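The model shown is predicted, which means the values in this text are computed figures rather than measured ones. Below, chain A is the first sequence line, B the second, and so on; all start at residue 1.
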Amino acid sequence: MMSRNAWLTAALVILALFVGSVLDTRLPKPDPAEADPFLRPGVVGQAVELRNGVVTATDVRVGTEIRSIGAITATTGRWLVVDYVFEARGEAQFKAPATLRLRAADGRLYGETPGATAACGPAQPGIPLACSVPFEVPVDAIEGAHLLVPAEVHIDLTDDVADIDLGLTAERAAELAAAEGRVELAEPTTVGG
Amino acid sequence: MIGSVADHTPQRAAPKRLESWRKRYGLVSDILTPQRIGLVLLVAVLLVAGLLGGWQDALTGDEETLPTSTPSATATAAPFTLVVKKAFSGDELKPAAYPSEGVRYLFITVDVTNASDAPTFSSILSQAATVDVPGVAKGVDPRVVRVLDGQGARSFSPDVVVPVVLIWEQDAAQPAPTSVTLTMSGHTFRVSTMDSSKEWRDPEPAWTVTLPVEEVPAS
């Protein structure tokens, strides 16, 4: 049989936990910026340094179909294809297409494309590899879009992320959105090889 | 005064009864401690709740009260906006489904739009769709195939309309359905209680739609 003091102690402990929990929800938290990725800004044609390589966006193409590894994939929106060159540093690297993202001007994110898209790799250190990555987007996501290339597997990690402005002004976006053809995605190719 | 004493006599009966129960409890108090009695009651409540079907029925609510949608109407099952169009039954629908012995397919065509602001895996959609058709295995999610190119849908991009066909396998020994009721569940975007990952979780039935089932048109 628990004594009166024991019951009182248990009640005080529960009360203290409750008060602590309420305070925890109301007190200010540490700056979440500590956990943000390290964004490395750039533009098309500019080499952007990551801790494990260098990435350079070279071109933007748009169509209503893509052909990749022999398969044709269609959309009711648009395929926005970014061509880029990746040069690994230190050791051979892969850039899986599913790890790259396109960020629209309003913050919407695009990626994880259907169908088969060749991985960018293996990119050997010092040997640039030309690759392409497709994004299925609505027409209104083209203007002001940025390409995000993480050093590792996700853009949300506290790690380097290339943030490349694709230069898609209103005029350029309207011009690209009018395209309705098929975009061919080439296999990863060594640059200058 | 004597009469007054006689009037108070019945009031002493209650303490006597309490005393007798105390004596009886004293015989078993070393075994039936208050903690053990509480534990037994808790186990009894769980046992009765389990025998009556558990808490799940109370949590999910009565499915008969779900709102109903209509074919070709727009309805939301988070994170998707959906237009359920038609249902078909047949042995094949190339290149999405090929003939297989003992298997008949049930197809439902849906226009899917991801209404969130990030890519969402198609598994979220397939987990959200259930049908109640004899011969269709319970708990087996449908395949999701893109209508435009016949490829499996890996994910859905925000605000892009993607026509898909949901495909269930039905035991061919069962009769082909003449109508089907599709139940769609909505999800909640929340942080996992196990780790810090944020995903669409906790599917809850949102609405149903009943469609006539046609034969797959001859190709």
Applying a strict 4.5 Å limit to non-hydrogen atoms, the region of F156(B) in contact with chain A is neither
Take atom CG in D132(B); do more than 12 heavy atoms of anything else shown fall under 6.0 Å from it? no
Please state whether the side chain, the backbone, both or neither of R103(A) comes within less than 4.5 Å of a heavy atom of chain B. neither
Other residues, nucleotides and ligands only: do more than 12 of their heavy atoms fall within 6.0 Å of CZ on R24(B)? yes
Which pair of heavy atoms, one from P138(A) and one from P158(B), lies closest together, and at what distance? CD-O, 3.5 Å
If one checks every heavy atom of V139(A) against chain B at 4.5 Å, the contacting part turns out to be neither
If I take atom CG from residue D111(B) and atom OG1 from residue T76(A), how far apart are they, to the nearest 0.5 angstrom? 8.5 Å
Given side chains that start at C-beta, do those of L109(A) and D117(B) come closer than 4.5 Å, heavy atoms only? no
Does a salt bridge link R146(B) with E136(A), judged by any charged N lying under 4.0 Å from a carboxylate O? yes
Heavy atoms under 4.5 Å from chain B: which residues of residues 151-162 of chain A carry them? none
Can you tell me how far CG of L148(B) sits from OG1 of T75(A), rounded to the nearest 0.5 angstrom? 7.0 Å
Restricting to non-hydrogen atoms, name the atom on I72(A) and the atom on D149(B) that form the minimum distance, rounded to 0.1 Å. O-CB, 3.5 Å
For S155(B) against G111(A), the heavy-atom pair lying closest together: OG-O, 3.8 Å
Between S157(B) and Y110(A), is there a donor-acceptor pair closer than 3.5 Å when you use the side chain of the first and the backbone of the second? no
In this structure, are over 12 heavy atoms from other groups packed under 6.0 Å from F18(A) atom CZ? no
